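Worth saying up front: this structure is predicted, and the values here are computed from it rather than measured.
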Amino acid sequence: MTVRVGVIGAGMIGQDHIRRLTEVVTGAAVTAVTDLDAARAAQVAARAGARALPAGADLIASPDVDAVLVTSWGPTHAEHVLNAVAAGKPVFCEKPLATTAEDCLRIVDAERAHGRRLVQVGFMRRFDAGYRQMKEQLASGAVGAPLIAHCAHRNPTVPQAYHSAMAAQDTAVHEIDTLRWLLDDEIVSAQVITPRATGKRFAHLKDPQIMLFETLSGVRIDLEVFVNCQYGYDIQCEIVGEDGLLRLPDPAAVGVRTAGRHTTAVLKDWKGRFADAFDAEFRAWIDAVAAGAEPTGPTAWDGYAATVITDAAVRSLESDGTVVTVDMKPRPAFYGGTA
């Protein structure tokens, strides 16, 4: 079966996923594209051999679309995901699932009412080989019970439109989802403190930020978010257990010895760092849709949890580092919880 995918949002990430679905992943075809910029939608659709449609609702209703990919502006995600669920069509939504916890819960409730999982959220790190190895080692008990997690998320620079709350909402959200998954534990509190600011930032931005989280079982997490580090795109994760520690490997790179130096290149952006994870993520999604199975990736509940936790982090940042309790609803049994 070839899965016919309709794409809502033809910006940079949408175009990259269209390339992935048409050139990398087998068993998929992009059949429809829509975007607020109709001219751009027409150009992108033509390159993919697809139709350009006027709006997300038209694309979701199209008989030529089996599954929906949402890569539009964040505040539009909830509308499109809810429409896809109402139509009974599998939907892959790039993060965030929605920009408010209330909208995330509307999606959760709609999916539960439908009776089976249709939604997958685009937290691609769960498909990264290094993180998967860490997950396997934690599950095996190789380092004993986890006690502490040390993480860093560094970007060389960010555009002027990037603001302080985005350090949690757009950047740290990846670590938040990944650590919930790695530790199989829920984050119950958040605190954000700001050390001396780098002179390389725009004046309106608090950078770097140090985020401190605690999980239900008592694991302590510290996360450095530094989005103007200058030297490259650098993702670090270390988990300290009772019997040892796990460290996320750096991407493989050739070591160069010359002129009395030993150097190793550092990646400059997220595309190179997680390209394989994106590919694996979409292969898994398409395989599940083709088989008529529920998706295996992050759920609508994971999207809700990430939004609630980032909301708590933003509140802490805006209250000068107050510890903020994460106000999360009990997880429904539909998503593996007890409620």
Using only atom types and a distance under 3.5 Å, with no angle test, would you say the side chain of [X] pairs donor to acceptor with the backbone of [Y]?
X      : Y      : answer
Ser319 : Arg315 : yes
Asp269 : Gly272 : yes
Lys89  : Ile60  : yes
Gln191 : Gly321 : yes
Ser140 : Gln137 : yes
Ser316 : Thr322 : yes

In one Ile/Leu/Val/Met/Phe/Trp/Tyr side-chain cluster, 4.5 Å: [X], [Y]:
X      : Y      : value
Ile187 : Val219 : yes
Trp270 : Val158 : yes
Leu223 : Val326 : yes
Val44  : Leu36  : no
Ile18  : Ile286 : yes

Linking directly or through intermediates, with side-chain heavy atoms under 4.5 Å: list the remaining ILVMFWY members grouped with [X], chain and number order.
X      : result
Ile193 : Ile210, Leu212
Phe226 : none
Val188 : Leu216
Val314 : none

Summary of side-chain hydrogen bond (donor to acceptor under 3.5 Å, both in side chains) pairs that have at least one residue in residues 116-132, sequence neighbours excluded: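 Qualifying pairs: Arg125-Tyr131, Arg125-His153, Arg125-Glu175, Arg126-Asp177, Arg126-Asp302, Asp128-Arg273.
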Specify the closest pair of heavy atoms between [X] and [Y], including all atoms of both residues, with the distance to one decimal.
X      : Y      : value
Pro295 : Ala288 : CA-CB, 4.1 Å
Trp301 : Pro330 : CH2-O, 3.4 Å
Gly232 : Cys229 : O-SG, 3.2 Å
Phe127 : Ala284 : CE2-CB, 3.8 Å
Ala55  : Thr34  : N-OG1, 3.4 Å
Met124 : Phe278 : CE-CZ, 3.3 Å

Heavy-atom distance under 4.5 Å between the side chains of [X] and [Y], does that happen here?
X      : Y      : result
Asn83  : Val81  : no
His150 : Ile221 : no
Thr71  : Leu69  : yes
Met166 : Thr171 : no
Arg51  : Thr31  : no
Cys151 : Asp222 : no
Asp35  : Ser72  : no
Thr310 : Ile176 : yes

Point-to-point distance, once rounded to the nearest 0.5 Å, from [atom1] of [X] to [atom2] of [Y]:
X      : Y      : atom1 : atom2 : answer
Arg220 : Glu214 : CZ    : CD    : 4.0 Å
Arg154 : Asn228 : CZ    : CG    : 13.0 Å
Asp234 : Glu224 : CG    : CD    : 8.5 Å
Gln133 : Leu138 : CD    : CG    : 12.0 Å
Glu186 : Phe213 : CD    : CZ    : 12.0 Å
Tyr233 : Thr157 : OH    : OG1   : 13.0 Å

ring-ring contact (aromatic ring centres under 6.0 Å, His included) pairs, two or more places apart, involving residues 69-124: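 For residues 69-124, and leaving out neighbouring residues, the ring-ring contact (aromatic ring centres under 6.0 Å, His included) pairs sorted by first residue read Phe92-Phe282, Phe92-Trp285.
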Compile the donor-acceptor pairs under 3.5 Å between side chains in residues 2-17 and protein atoms, sequence neighbours left out, one pair per line.
from  : atom 1 : to    : atom 2 : distance (Å)
Arg4  : NE     : Asp66 : OD1    : 3.3
Arg4  : NE     : Asp66 : OD2    : 3.0
Arg4  : NH2    : Pro63 : O      : 3.1
Arg4  : NH2    : Asp66 : OD1    : 2.8
Gln15 : OE1    : Arg47 : NH2    : 3.1
Gln15 : NE2    : Ala10 : O      : 2.9
Asp16 : OD1    : Arg19 : NE     : 3.2
Asp16 : OD1    : Arg19 : NH2    : 3.1
Asp16 : OD2    : Arg20 : NH1    : 3.3
Asp16 : OD2    : Arg20 : NH2    : 3.4
His17 : ND1    : Arg20 : NH1    : 2.9
His17 : NE2    : Glu94 : OE2    : 2.7

Report the residues that fulfil side chain to side chain donor-acceptor pair (under 3.5 Å) with His163, sequence neighbours left out, ordered by chain and then residue number.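 Counting only residues at least two positions away or on another chain, His163 forms no side chain to side chain donor-acceptor pair (under 3.5 Å).
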Counterpart residues, side chain to side chain donor-acceptor pair (under 3.5 Å), relative to Asp185 (two or more places apart):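 By the side chain to side chain donor-acceptor pair (under 3.5 Å) rule, Asp185 matches Thr215, Ser217.
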Would you list the atom pairs, donor with acceptor, under 3.5 Å between side chains in residues 241-268 and any protein atom, with sequence neighbours excluded?
from   : atom 1 : to     : atom 2 : distance (Å)
Arg247 : NE     : Glu238 : OE1    : 2.9
Arg247 : NH2    : Glu238 : OE1    : 2.5
Asp250 : OD1    : Gln236 : NE2    : 3.0

Might you confirm whether atom CG of Asp184 has over 12 heavy atoms from other residues, nucleotides or ligands at distances under 6.0 Å?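 No, the 6.0 Å shell around CG holds no more than 12 heavy atoms from other groups.
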Just distance, no hydrogens or angles: give the donor-acceptor pairs under 3.5 Å from side chains in residues 95-113, sequence neighbours left out.
from   : atom 1 : to     : atom 2 : distance (Å)
Lys95  : NZ     : Asp170 : O      : 3.0
Thr100 : OG1    : Asp103 : N      : 3.1
Asp103 : OD1    : Arg106 : NH1    : 2.9
Glu111 : OE1    : Tyr335 : OH     : 2.5
Glu111 : OE2    : Leu118 : N      : 2.6
Glu111 : OE2    : Val119 : N      : 2.8

Tell me, please, which residues at least two apart from Ala46 pass side chain to side chain contact (heavy atoms under 4.5 Å, CB included).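 With sequence neighbours excluded, Ala46 shows a side chain to side chain contact (heavy atoms under 4.5 Å, CB included) to no residue whatsoever.
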Give a yes or no on whether a salt bridge exists between Arg201 and Asp207, defined as a side-chain N under 4.0 angstrom from a carboxylate O.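 No, this pair does not count.
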